[in-house]
Q: 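Handing you this structure, nothing more for now.
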Amino acid sequence: MPRVPRDPAPRARAWMAARGWTPFDFQREVWAAQAAGQSGLLHATTGAGKTYAVWLGLLERLAGATPPPRAPALTALWITPMRALAADSAAALAAPLPDLAPGWTLGLRTGDTASAERARQDRRLPTALVTTPESLSLLLSRPEAATALGGVRAVVVDEWHELLGTKRGVQVQLALARLRRWRPDLQVWGMSATLGNLDEARAVLCGGGPSVGVQGRVDKTLVIDTLIPEEPGRYSWAGHLGARMQAPVVEELARSDTALVFTNTRSQAELWYQMLLDARPDWAGQVALHHGSLDKSVREWVEQGLKGGQLKAVVATSSLDLGVDFLPVQRVLQIGSAKGVARLLQRAGRSGHAPGRPSRLTLVPTNTLELVEAAAVRAAALAGRVESRHSPEQPLDVLVQHLVTVALGGGFDAEALYDEVRGAWAYRHLSRAAFDWALAFCERGGDSLTAYPDYHRIARAEDGRWTVPDTPQGRATARRHRLGVGTIVSDAALQVQYLNGARIGTIEEGFIGRLRRGDCFVFAGRLLEFVRVQDMTAWVKKATKAKGAVPTWQGGQMPLSTELADAVLAQMAEAADGRFHSPELTAAGPMLRTQAERSALPRPGVLLIEHQRSREGHHLCLYPFAGRQVHLGLASLLAWRLSRAQANTFSLSVNDYGLELLGAEPVPLEPLLDGSAFAEDDLLDHVLASLNAGELAQRRFREIARIAGLVFGGYPGAPKSLKQLQASSSLFYDVFRQYDPGNLLLDQARREVLSHELDLARLRAVLGRLRGWRREAVALSAPSPLSLPLMVERLRERLTTEQLAARLERLLREAEAGR
DNA sequence: GACCTGCTGCGGCCTG
């Protein structure tokens, strides 16, 4: 441990004192580490003074007390995951410059930066630059990158927990490795919210090099409570809207000045916005809606209203999880499950956003089981059991993109770049063969695309360096590459626009594709009638009909985290032992007792298997409490294994707590009871056979093809439609499979399906757990409270895929023929 | 006892 000076940053301390601030202990701790030249990660709750902890110490170290003869070159970089955050940070970071870093200039560079400012920066970058991962990559792709960025001595990454587990984070890792190559003494500091694996997060950020972790302990009271429904004994067993909580929520909002109301989906936000206005028409103009499909101008208006304290309540999705600090927000309400402890803490932190003010979050359960979950998530949050996030391992699509970026940014020597890339945590084990494959892929497009010059993106110059050649073809490559930088791949979206011109927002092509002229839908809090699609725009008019279908967006999966699922199971065990200590569990008491009477309460160590015969067929419900993603894999696996033993056709249904198999024929229980159905033998083969893994991999490949630069998304303002993108990526998928089966991007697609979509590691762990558990079968005479939501889920949407049905039929015929 | 989940994030060409 290097010697720490007693007063590591006297000028920073003086600057704070002039404003009446006394540095917190953790701020001095960061300054001391920075003074010693160390890198590190600062973990603290929001609103605790992280920004100045990290920034002032760096300025003290990097800037002289007297103005330098002329403005120095780019010295410090500040990376944020969001443009709005970048703009906000730039203002805060500029404040101490005149005193602590005289002569320094500060600039902002994101996609929002005006072209005049961009041009000015291109001539000369400021001393400190606030930017995003994508804009940083674009800077690295400029020919003079080494001179322009080679002098960077410090990088700060804000909200690192947000980037860590994503390909965007890998993009940052690669950029840092590059900067580190130019300046081996580069100081890197990250800031993170609560995370289960802070040490790993720090190692990933600092490339495994020496670094320190600092805990920003600030007194912050966290209050989590639950809105208990009236007559909890009659609260609904299923459903996720929570319409019966309308009145209590309105009451809570009436009592507070400004509140955020979080929902899990955009359609849920739309519906709750309506419900609030239906109950209180006088709140029109004071209640607003905020989610990712709304037009930017609408969202900005809402954000301004929140900042200014003019709004009473905003109903939002995760679109307001991060970003600008909304000081006036007093209360946060969470409708439905928070799905994870980290998300809950993040959202709670949106209220009382200043040191010393308490954060308060109120859970609003939408069904009785969510009462149990509310008790569970509070217990887990207060015990600090927070989810971990892990860096992706060796995503080759990101590497391919980076190789082209670096080739454009002055070119590279293969040997040196291989070493550099392995300095990024995600590629620390990258083999030379994989690196050379990626290199060759950029050079010739792999074995199958050699005939197409569009995919000959880089070439080896006479001096051995790899560059993008300065030819018409090369210039076209450069242009397309810069347009496609980044790892965020979203589906094609259509503009929603009134016939008279006003733009309302965007909506997925898939949803609009299901509408016919005259169909109505609710969007942006308005009832709209669909007219036609033209030029990637859905034209609409005000609807006159009373009712509309609410749009559903195809979004990501949000399975319950392992931490939370375990916490729910622990609550069930409490109830089984007759301990109803929390108001939530007490309120869920009647339902839990019904469950105990009709069936049994699940508890750790016991797998509950309910079976029932109905007009629909033979039901089998299992409750592993492993999250819906794993349940989906498990349900498919069980259906496949059971129907192999004895021909049958199953409908599947899953939720976060359990799964249902509905068989056309009676289902033998023995394989479940003796545990053989949970065997790990040939797991991979069986999973791949049971799910349509090929289809999944092909879908996954769409993202990979985009990131690796195989598929071009079109020029700004004229995006290609989803169909075109799908067509071209599936073409590549097929071509590679046929003519280039060794293509490592195919391999990556398969790996991503197994790890992201099926979560094979968790599935394997769950199978192991279930084999170790005692298995208890109960015959039901009426649906149990736990099984009912599964049946409802199945009625809503049949999970049986055509493919599965067809395959099962084929299996059946084969079994028939074999006999 | 029965209805309706599935998020977020960024970037930017050429031509006259």
Side-chain angles (χ1 to χ4, degrees), chain A residues 79-86 109-113 115 118 131-139 141 159 162-163 166-169 171 233-243 262-272 290-293 299 316-323 335-340 343 346-347 366-368 401 475-476 478-490 549-560 590-591 594 598 628-629 655-656 706 712-719 782-785 787-797:
Chain A
I79 302 173
T80 77
M82 274 177 72
R83 287 181 298 216
L85 217 52
R109 190 177 183 119
T110 69
D112 289 337
T113 306
S115 56
R118 222 166 252 273
T131 187
T132 58
E134 288 78 9
S135 286
L136 176 56
S137 281
L138 286 165
L139 285 175
S141 80
E159 313 272 11
E162 204 52 43
L163 294 167
T166 68
K167 290 183 183 177
R168 280 186 96 194
Q171 195 180 1
R234 305 178 49 142
Y235 200 50
S236 79
W237 288 357
H240 291 279
L241 181 58
F262 281 110
T263 63
N264 284 337
T265 71
R266 286 171 272 181
S267 54
Q268 208 178 8
E270 296 270 350
L271 289 166
W272 265 94
H290 192 283
H291 60 65
S293 295
R299 293 173 56 164
T317 58
S318 337
S319 55
L320 284 185
D321 270 2
L322 285 186
I335 312 265
S337 165
K339 300 289 182 192
R343 186 183 283 112
Q346 178 81 34
R347 291 183 171 179
T366 60
N367 60 53
T368 314
Q401 186 183 100
R475 283 190 287 275
R479 200 171 71 224
R480 288 182 8 148
H481 181 75
R482 293 200 175 99
L483 280 166
V485 157
T487 60
I488 300 176
V489 177
S490 14
V550 177
T552 57
W553 289 267
Q554 71 118 60
Q557 308 265 326
M558 301 160 74
L560 206 64
M591 182 214 74
T594 308
R598 288 191 194 173
R628 56 172 292 130
Q629 211 174 353
N655 64 18
D656 277 319
R706 269 296 281 287
F712 180 53
Y715 288 105
S784 70
S787 69
L788 191 77
L790 285 166
M791 299 186 185
V792 169
E793 180 86 10
R794 175 166 45 75
L795 293 180
R796 201 168 46 75
E797 180 195 20

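Naming: A, B, ... by sequence-line order, numbering from 1 per chain.
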Q: Got a list of protein N/O to nucleotides 13-16 of chain B N/O distances below 3.5 Å?
A:
none

Q: Heavy atoms from C-beta onward define the side chain here; which of B/dT5, B/dT8, B/dC10 lies closest to that of A/Gln268?
A: B/dT5

Q: Closer than 4.0 Å, any side-chain N/O of A/Thr317 to the OP1 or OP2 of B/dT8?
A: yes

Q: Report the C-alpha separation of A/Glu162 and A/Arg168 in whole Å, then their side-chain angles, then the decisive distance to 0.1 Å, and conclude whether the side chain to side chain contact (heavy atoms under 4.5 Å, CB included) test is met.
A: CA-CA 9 Å; A/Glu162 204 52 43; A/Arg168 280 186 96 194; over 6 Å; no

Q: Among A/Arg343, A/Arg347, A/Gln346, find the residue that satisfies the side chain to side chain donor-acceptor pair (under 3.5 Å) test when tested with A/Asp321.
A: A/Arg347

Q: Would you indicate, yes or no, if B/dG12 has its OP1 or OP2 atom less than 4.0 angstrom from a side-chain nitrogen or oxygen of A/Arg118?
A: yes

Q: Applying side-chain contact (heavy atoms from CB on, under 4.5 Å), name anything that partners A/Ala86, two or more places apart in sequence or on another chain.
A: A/Thr80, A/Leu108, A/Thr110, A/Val130

Q: List the residues meeting side-chain contact (heavy atoms from CB on, under 4.5 Å) with A/Arg299, not counting sequence neighbours, and say none if there are none.
A: A/His290, A/Leu294, A/Glu303, A/Ser319

Q: Measure from the side chain of A/Leu241, starting at C-beta and using heavy atoms only, and say which of B/dC10, B/dC4, B/dG11 lies closest.
A: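 Nearest to the side-chain atoms of A/Leu241, counting from C-beta on, is B/dC4.
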
Q: Report yes if a side-chain nitrogen or oxygen of A/Thr132 is closer than 4.0 Å to either non-bridging phosphate oxygen (OP1 or OP2) of B/dG9; otherwise report no.
A: no

Q: Tell me whether the OP1 or OP2 atom of B/dC10 has a side-chain N or O from A/Arg83 closer than 4.0 Å.
A: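 For B/dC10, OP1/OP2 do have a side-chain N/O of A/Arg83 under 4.0 Å.
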
Q: For a quick check of understanding: with a heavy-atom distance under 4.0 Å over all strands, which category does A/Gly486 fall into, base, sugar-phosphate or nothing?
A: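 Touches nothing.
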
Q: How is A/Tyr235 classified with respect to the nucleic acid when contacts are heavy atoms under 4.0 Å: base, sugar-phosphate, or nothing?
A: base

